[in-house]
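Encoded as structure tokens, the structure appears first; notes follow it.
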Amino acid sequence: MARNGRRDGGGRRAREPVSEPVDGGLAQLLPDPDRPRAWTLLLDGAPQSHVDLDDPAHLDFEYQRRIGHLIDLAAPPGRPLRVVHLGGGALTLARYVAATRPRSTQQVVEADTALVALVRRALPLESGWRIRVRGADARAGLAKVPEGWADVVVADVFTGARTPAHLTSTEFLAEVRRALRPGGLYAANLADGPPLAHLRAQVATAARVFPELCLVADPAVLRGRRFGNAVLAASDRKLPVAELTRRAAGDPHPGRVEHGRALADFTGGAAPVTDATAIPSPAPPAGVFRRR
């Protein structure tokens, strides 16, 4: 990465943006003007991840903060976890787990090996972090995780700003549940807009596999007023809904948590998705979708 750029007005060396083709398009790393060692990753112009090398516990994007809340609540503070990340991006959430739960063991499955190489080179992981990155399709990589190994499985996979069809089905979620230990947690970043057909179907699909669910998102997204992200949490044990609600409400972009009867009503009778009926998530409207 070009860290030795031109000097700014204060005599410091200004950091230069980096652009590099990867398997999924054009990757760009843009310096954060407010944080001296922080960078935003874009793919084909869409913000994907934010990393602060000085503070890996800082989560800038709203959906990542919400997944961070779920990871925080998955076990007592500081307890090491076994985490599988489907989709790597800039490895933001893997860094978060390593920083907040030392000695955690993590597997990251990311199909874009050129992106992984760029991130490892430009935004290196700290030595001692137990993070293994595997270049593979998310579902194929998940199939190699031993049964009951993971405390948490995080899914954040987008190809061309759409979740691939084979990662939306009951068969896929059955593989997630197989990889989770009893009481383990699944957290998925989903994207949809009006009329929310994809989001409703994903909730119905998860309900076919997991007995406990909740959904957290911007109220405007849940009302179908705009395209955006929603985080789906699922488990075979009761979820910490009250504490998640409190934390989401206190975020810079407050979120609302739906669960129980309200979440069941939200699905509106949507049918669960199977491998035979699966399609990718909808494409974001031009110039509208942005991951914050």
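In this chain, numbering begins with 1 at the start of the sequence shown.
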Do Leu180 and Trp149 have side-chain heavy atoms sitting under 4.5 Å apart? no
Clusters formed by hydrophobic residues whose side-chain heavy atoms approach within less than 4.5 Å: which one holds Val221, and what are its other members? none
Less than 4.0 angstrom from a charged side-chain N to a carboxylate O is my criterion; do Glu62 and Arg65 meet it? no
Of all heavy-atom pairs linking Ala201 and Ala271, the shortest is CB-O, 4.0 Å
Exercise: identify the closest heavy-atom pair between Leu29 and Ala122: CD1-CB, 3.6 Å
If hydrophobic residues (ILVMFWY) are linked whenever their side-chain heavy atoms come closer than 4.5 Å, directly or via other members, who joins Ile279 in its cluster? none
Reported CG-to-OH distance for the pair Leu213 and Tyr186, which is rounded to 0.5 angstrom: 11.0 Å
Same cluster for Leu93 and Leu42 if Ile/Leu/Val/Met/Phe/Trp/Tyr side chains link at under 4.5 Å? no
Can you get from Val273 to Leu167 by hopping between Ile, Leu, Val, Met, Phe, Trp and Tyr side chains that sit under 4.5 Å apart? no
Cluster question for you: counting only ILVMFWY and a side-chain heavy-atom cut-off of under 4.5 Å, with indirect links fine, are Leu30 and Leu43 together? no
Show every donor-acceptor pair shorter than 3.5 Å between a side-chain atom in residues 80-92 and any protein atom, with sequence neighbours excluded, or say none if there are none.
{"unit_1": "His85", "atom_1": "NE2", "unit_2": "Gln106", "atom_2": "OE1", "d": "2.6"}
{"unit_1": "Thr92", "atom_1": "OG1", "unit_2": "His50", "atom_2": "O", "d": "3.1"}

Run the side-chain hydrogen bond (donor to acceptor under 3.5 Å, both in side chains) test against Arg181 and tell me which residues pass, sequence neighbours left out. Asp151
Taking all heavy atoms of Asp192 and all of Ala197, pick out the closest pair and write down the distance. OD2-N, 3.5 Å
Show the numbers, then the answer: is there a salt bridge (charged side-chain N to carboxylate O under 4.0 Å, His left out) between Arg208 and Glu171? CA-CA 10 Å; Arg208 183 62 61 89; Glu171 291 91 340; over 6 Å; no
Looking only at heavy atoms, what is the nearest atom pair of Ile131 and Arg120, with distance? O-NH2, 4.5 Å
So do Leu41 and Leu115 actually touch side chain to side chain, heavy atoms under 4.5 Å? yes
Within the structure provided, determine whether Leu215 and Leu222 are in side-chain contact (heavy-atom separation under 4.5 Å). yes
Can a salt bridge be assigned to the pair Asp52 and Arg95 using a cut-off of 4.0 Å between side-chain N and carboxylate O? no
What residues form a side-chain hydrogen bond (donor to acceptor under 3.5 Å, both in side chains) with Arg178, not counting sequence neighbours? Glu175
What's the verdict on salt bridge (charged side-chain N to carboxylate O under 4.0 Å, His left out) for Arg37 and Asp32, showing C-alpha distance, side-chain angles and the deciding distance? CA-CA 8 Å; Arg37 296 188 69 220; Asp32 184 334; over 6 Å; no
Answer yes or no: is there a side-chain heavy-atom contact under 4.5 Å between Thr113 and Asp23? yes
Salt bridge (Lys or Arg N to Asp or Glu O under 4.0 Å) partners of residues 252-269, not counting sequence neighbours, each pair once: Arg256-Glu258, Arg261-Asp265
Heavy-atom nearest pair, Leu26 first then Ser19, reads CD1-CB, 4.3 Å
Salt-bridge criterion met for Asp218 and Arg226 (N-O under 4.0 Å): yes
Got Leu59 and Phe61 here, is their nearest side-chain heavy-atom distance under 4.5 Å? no
Would you check if Val108 and Arg132 make a side-chain contact, meaning some heavy-atom pair closer than 4.5 Å? no
Can you check whether Lys144 reaches Arg134 side chain to side chain, under 4.5 Å on heavy atoms? yes
Show the nearest heavy-atom pair for residues His259 and Cys214, with the distance to one decimal. CB-CB, 3.9 Å
Polar contact flag, side-chain donor to acceptor under 3.5 angstrom, Arg35-His58: yes
Do the side chains of Pro56 and Tyr96 get nearer than 4.5 Å, heavy atoms only? no
